[in-house]
Peer 1: 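Right, I'll just put the structure down here and ask away after.
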Amino acid sequence: PVGSTAGMVGASTAVDGPTVVNGQSLRNINAPANIGDWMSHGRGWSEDRFSPLTQINDGNVSQLGLAWFDDLATMRGVQATPLVVDGVLYNESIYNIVTAYNAATGEKLWTYDPEVGPEWARLACCGPSSRGIAAWNGKLYIGALDGRLIAVDAATGSEVWSAQTFETEGELNAYSITGAPRVYDGKVVIGNGGADYGVRGFVVAYDAETGEQLWKFYTVPGNPADGPDGEASDSAMDIALPTWAGEWWRYGGGGTAWDSFAYDPELNLVYIGTGNGSPHMWYFRSNDEGDNLFLCSIVAVDADTGEYKWHYQMVPEEEWDYTCTQPMILTDLEIGGRERQVIMQAPKNGFFYVIDGASGELISAETYVSENTWASRIDLETGRPVLQPGAHNTTTPHLMSPSWLAAHSWHPMAFSPDTGLVYLSAQEQPSTYARAEDGGFNFVHHRSNSGQSRGNMPELRAALQAEANEKEKGYLLAWDPVTQSEAWRVPYAHPGSGGVLATAGNLLVQGTIDKTLAIYRADTGAKLWEMDIDQAPVAGPITYMVDGVQYIAINAGWGGSPVYNLGPFQTSTAKLLVFRLGATGVTLPPPPPPTSLPRPPYLSANEAQVSHGRQLYGDTCVRCHGENAVGGVKDLRWMTQETRAQFNDIVLHGLFIDRGMAGFSDILSEEDAADIHAFLIARANEDYTDAAAGGHP
Ligand SMILES: O=C(O)c1cc(C(=O)O)c2c(n1)C(=O)C(=O)c1cc(C(=O)O)[nH]c1-2
Ligand SMILES: [Ca+2]
């Protein structure tokens, strides 16, 4: 850790004084003292990402210019929402490296590097990125990829305490942390990811001052033979257990809370968004029986004790890697003549849900995508989805839309009380599912364990993929949560645009897949301003005010799952960008010149080898390198001769561990690696002409 207080402007007043991030100020985040800050992940505990600042507005935003930037020197996705407390901007880059900046000038105050080992990237489905940090009473909280929850002094960046939040030993230890911790009234709450590899999801709370563990809530049952866990979730497991069959605990069961939380201080409830089942296929997890609580649900627990209060399950019988970890926004809406205290969420399955925050009762739900092959509607009497015929997986490949690639993923959404609209990055990216034959699923420690068959019926798969490509869409959606209908949309050429910010200046800010930062009118969607940044930001933008000047900031670094299919289009490194009105003279370095794609070698392997390689690729490589070997952190269709010569050393022995590509010799043989390479050569030859002709996008 590198620590320095040099030049720290307003440091001590910032973080220990009365305007500190404390219960009072976050509750009154819009009190005059706090209005210019961005003190927690979603700005306030309601996570609405709406700022009341109006200095930058729909009348003057054309004068917006780059005030300062920092080159984060990585080609990985940077997903974090920065925080701003009293003039200091705290940002988190990949591998949880946190830097404090003078928020007005960009001067670096300190950097803290928790030195997370690059091998942890193997357990992070979508890259070693974090969605952000939390702040409380002079400390910052980092949820490190390797499971440590670390408190550092906000003034100096030096470590105060550290707690290991998950088991790192044993068969079901494939956890990682990518989500932002939240602090609620002196308690730090953190979840984890890993349900695609094989874990049992849980959420844990610590005392923000001491690091002492306060409560732990498991989201799915463990092996009943082991008895109660002695944790806060014990009473809830009586509800969950009867909804499971078979021997799910051998694969963890899943239900990871890898991103979203919200907190209602009056109800004293913490809302947990839970994820998909482990393994994905319901058949292998639970004999195709039972709802499998609390997969893909919102679970409300007591903030002090972690005890279960209520749940609402969006996706019973989950088996599509649908997650309900998408952002939750709390607000009050007038619905049917009644003021309702609600939770709003748009999870992966393409429905927009409005739920009563006190009881968990479903108020309304409508789909926001043009095609929903999962459910035709949600029955408001029972709260259950009415599944489409053929929605469940069988051994025959079928196309699902929405898919695991998400109609909307973790990308922060925003709600403007001025317009009454919710804004989100929506997309339509169908994907093929088929479960493995009986006996065809073997749980492998530290590998993606979906229970999918990836290699069977290649002609059908190719046809389905062509249909999926045809249907691909991405758009910025403005949604009316009261009428449950679309207000307007801004279409993009491809899926994969980023999180959004709404302001009282009638602004809606979003990083786009066109490699720009765009600002629209929040009421109509008319474009007001746009700047080429040679990066497609995925993170949520923020706005803040220091010394009477309003700024807009965003991490611009493309990466993560929903952008997998976009191909080799990334050229510039990720950057933290900060804008203000009238700024001139700060310019980004020019993008590097385009490179031509290397011609792939001729395919000499036979069809059986390619098919075997496709299955292994799907189980082992797809999460980082893209479905059908398109896009990802490194597009493997376009390897150079040199890289091809080193293929086995890279894949088996970790030659590129420094870049986060760990070795897989524990689960792949030399022959396996050769078959994966054969599959990649086949894919490259299929796509070479098209790609060489134009590239994508
Ligand atoms: O099941 C899980 O535990 C888990 C974890 C994560 C993660 O931690 O990032 C993602 C997902 N699932 C997931 O399904 C998903 O689509 C996804 C996208 C991303 C991303 O960073 O872009 N992470 C995750
Ligand atoms: Ca998942």
Side-chain angles (χ1 to χ4, degrees), residues 76-81 94 96 120-132 143-147 165-166 172-180 190-203 219-220 251-260 272-281 285 295-296 315 318-327 347-349 402-412 425 427 429 431 433 448-452 495-499 536-540 555 557-566 622-624 626-627 631-633:
R76 297 271 194 174
V78 178
Q79 304 186 340
T81 299
I94 59 161
N96 309 104
W120 282 91
R122 191 175 140 178
L123 291 179
C125 70
C126 310
S129 191
S130 167
R131 300 189 190 88
L145 191 64
D146 59 14
T165 65
F166 55 65
L172 294 174
N173 67 346
Y175 294 103
S176 57
I177 296 180
T178 61
I190 186 75
N192 42 59
D196 306 315
Y197 299 81
V199 299
R200 181 183 180 199
F202 66 85
V203 173
T219 58
V220 298
Y251 319 116
T256 40
W258 56 267
D259 193 59
S260 72
I272 303 167
T274 71
N276 57 274
S278 167
H280 291 179
M281 297 295 129
R285 192 178 66 237
L295 296 182
C296 213
V315 185
E318 198 292 306
E319 65 166 339
W320 305 274
D321 188 8
Y322 285 166
T323 65
C324 299
T325 56
Q326 280 57 44
K348 273 192 188 180
N349 68 13
S403 70
W404 67 281
L405 291 159
H408 166 232
S409 193
W410 58 267
H411 306 81
S425 177
Q427 48 189 31
Q429 276 187 296
S431 181
Y433 294 70
S448 176
N449 281 293
S450 63
Q452 285 242 38
S497 292
V538 286
N555 278 310
W558 176 81
S561 130
V563 284
Y564 271 168
N565 285 354
L566 293 175
V622 69
R623 287 266 167 189
C624 291
E627 222 177 349
V633 290

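Keep in mind that the numbers below use all heavy atoms, side chains included, and drop hydrogens, waters and symmetry copies. Counting starts at 1 for both ligands and their atoms, in listed order. In this text, all values refer to a predicted model and were calculated from it rather than measured experimentally.
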Peer 1: Going by atom types alone, do Thr178 and Arg131 pair a side-chain donor with an acceptor below 3.5 Å?
Peer 2: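 Yes - a donor-acceptor pair under 3.5 Å links their side chains.
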Peer 1: Give me the atom names and distance for the closest heavy-atom approach of Leu145 to Pro128.
Peer 2: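 Reported closest heavy-atom pair: CD2-CB, 3.7 Å.
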Peer 1: Taking only heavy atoms of Thr323 into account, list the atoms of ligand 1 that are under 4.0 Å away from them.
Peer 2: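 Once the distances to Thr323 are compared, the set is 14 (O).
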Peer 1: Give the single entry among Gly255, Cys126, Ser130 that approaches atom 23 (N) of ligand 1 most closely by any heavy atom.
Peer 2: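 Answer by nearest heavy atom: Cys126.
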Peer 1: For residues Gly254 and Ala195, report the shortest heavy-atom separation together with the two atoms involved.
Peer 2: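 Answer, listing the atom of Gly254 first, then Ala195: CA-CB, 3.7 Å.
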Peer 1: Against ligand 1, does Gly275 come closer than 4.0 Å with any heavy atom?
Peer 2: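 So Gly275 does not count as touching ligand 1.
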Peer 1: Could you tell me, atom by atom, which parts of ligand 1 come under 4.0 Å of a heavy atom of Thr256?
Peer 2: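 Close to Thr256: 1 (O), 2 (C), 3 (O).
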Peer 1: With respect to the Ca ion (ligand 2), what is the nearest N, O or S atom of Asp321?
Peer 2: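 Closest to the Ca ion (ligand 2) among those atoms: OD1.
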Peer 1: Judged on heavy-atom distance to atom 12 (N) of ligand 1, which of Asp196, Asn192, Val538, Ile177 sits nearest?
Peer 2: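 Ranked by closest heavy atom to atom 12 (N) of ligand 1, first place is Asp196.
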Peer 1: Identify, by atom number and element, the atoms of ligand 1 in contact range of Gly193, meaning under 4.0 Å from any of its heavy atoms.
Peer 2: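 Listed by number with element: 3 (O).
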Peer 1: How about Tyr197 and Tyr251: are their ring centroids closer than 6.0 Å?
Peer 2: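 No, ring centres 6.0 Å or more apart.
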Peer 1: Would you say the side-chain atoms of Gln429 pair up with the backbone N or O of Ser431, donor to acceptor, closer than 3.5 Å?
Peer 2: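 Checked: no pair found.
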Peer 1: Does Arg131 approach ligand 1 within less than 4.0 angstrom via side chain, backbone, both or neither, non-hydrogen atoms only?
Peer 2: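 Under 4.0 Å from ligand 1, Arg131 contributes side-chain atoms alone.
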Peer 1: Should Trp410 be counted as touching ligand 1, given the test is an N or O pair under 3.5 Å?
Peer 2: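 Yes.
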Peer 1: By number and element, which atoms of ligand 1 are closer than 4.0 Å to a non-hydrogen atom of Lys348?
Peer 2: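 Within the 4.0 Å cut-off of Lys348, ligand 1 contributes 13 (C), 14 (O), 15 (C), 16 (O).
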Peer 1: Using a strict 4.0 Å cut-off to heavy atoms of Gln79, name the atoms of ligand 1 that fall inside it.
Peer 2: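 Answer, ordered by atom number: 20 (C), 21 (O), 22 (O).
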Peer 1: When the ring planes of Tyr175 and Phe202 are compared, do they come out parallel, tilted or perpendicular, using 30° and 60° as the limits?
Peer 2: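 Aromatic pair Tyr175/Phe202 classed perpendicular.
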Peer 1: Determine the minimum heavy-atom distance between Gly193 and Trp258, stating which atoms define it.
Peer 2: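 Between these two residues, the closest heavy atoms are CA-CB, 3.8 Å.
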Peer 1: Quick one: do Asn173 and Val199 satisfy side-chain contact (heavy atoms from CB on, under 4.5 Å)? Show the steps, please.
Peer 2: CA-CA 6 Å; Asn173 67 346; Val199 299; over 6 Å; no
Peer 1: Atoms of ligand 1 less than 4.0 Å from Asp321 heavy atoms?
Peer 2: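 Heavy-atom distances to Asp321 below 4.0 Å select 14 (O).
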Peer 1: Which atoms form the tightest heavy-atom contact between Val315 and Cys324, and what is the distance?
Peer 2: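 Minimum heavy-atom separation between Val315 and Cys324: CG2-SG, 4.3 Å.
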Peer 1: Below 4.0 Å, non-hydrogen atoms only: which portion of Asn276 touches ligand 1? Side chain, backbone, both or neither.
Peer 2: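 Near ligand 1, Asn276 shows its side chain, while the N, CA, C and O stay back.
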Peer 1: So does Asn276 have any N/O/S atom less than 3.0 Å away from the Ca ion (ligand 2)?
Peer 2: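 It does; at least one qualifying atom falls short of 3.0 Å.
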Peer 1: Below 4.0 angstrom from a heavy atom of Gly194, which ligand 1 atoms are there? Numbered from 1 as shown, please.
Peer 2: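 Within the 4.0 Å cut-off of Gly194, ligand 1 contributes 2 (C), 3 (O).
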Peer 1: Output the list of atoms in ligand 1 that are nearer than 4.0 Å to some heavy atom of Gly560, sorted by atom number.
Peer 2: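 So the atoms of ligand 1 that pass are 22 (O).
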Peer 1: I'd like to know if the two cysteines, Cys125 and Cys624, have SG atoms within less than 2.5 Å.
Peer 2: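 Answer is no: Cys125 does not pair with Cys624 in a disulfide.
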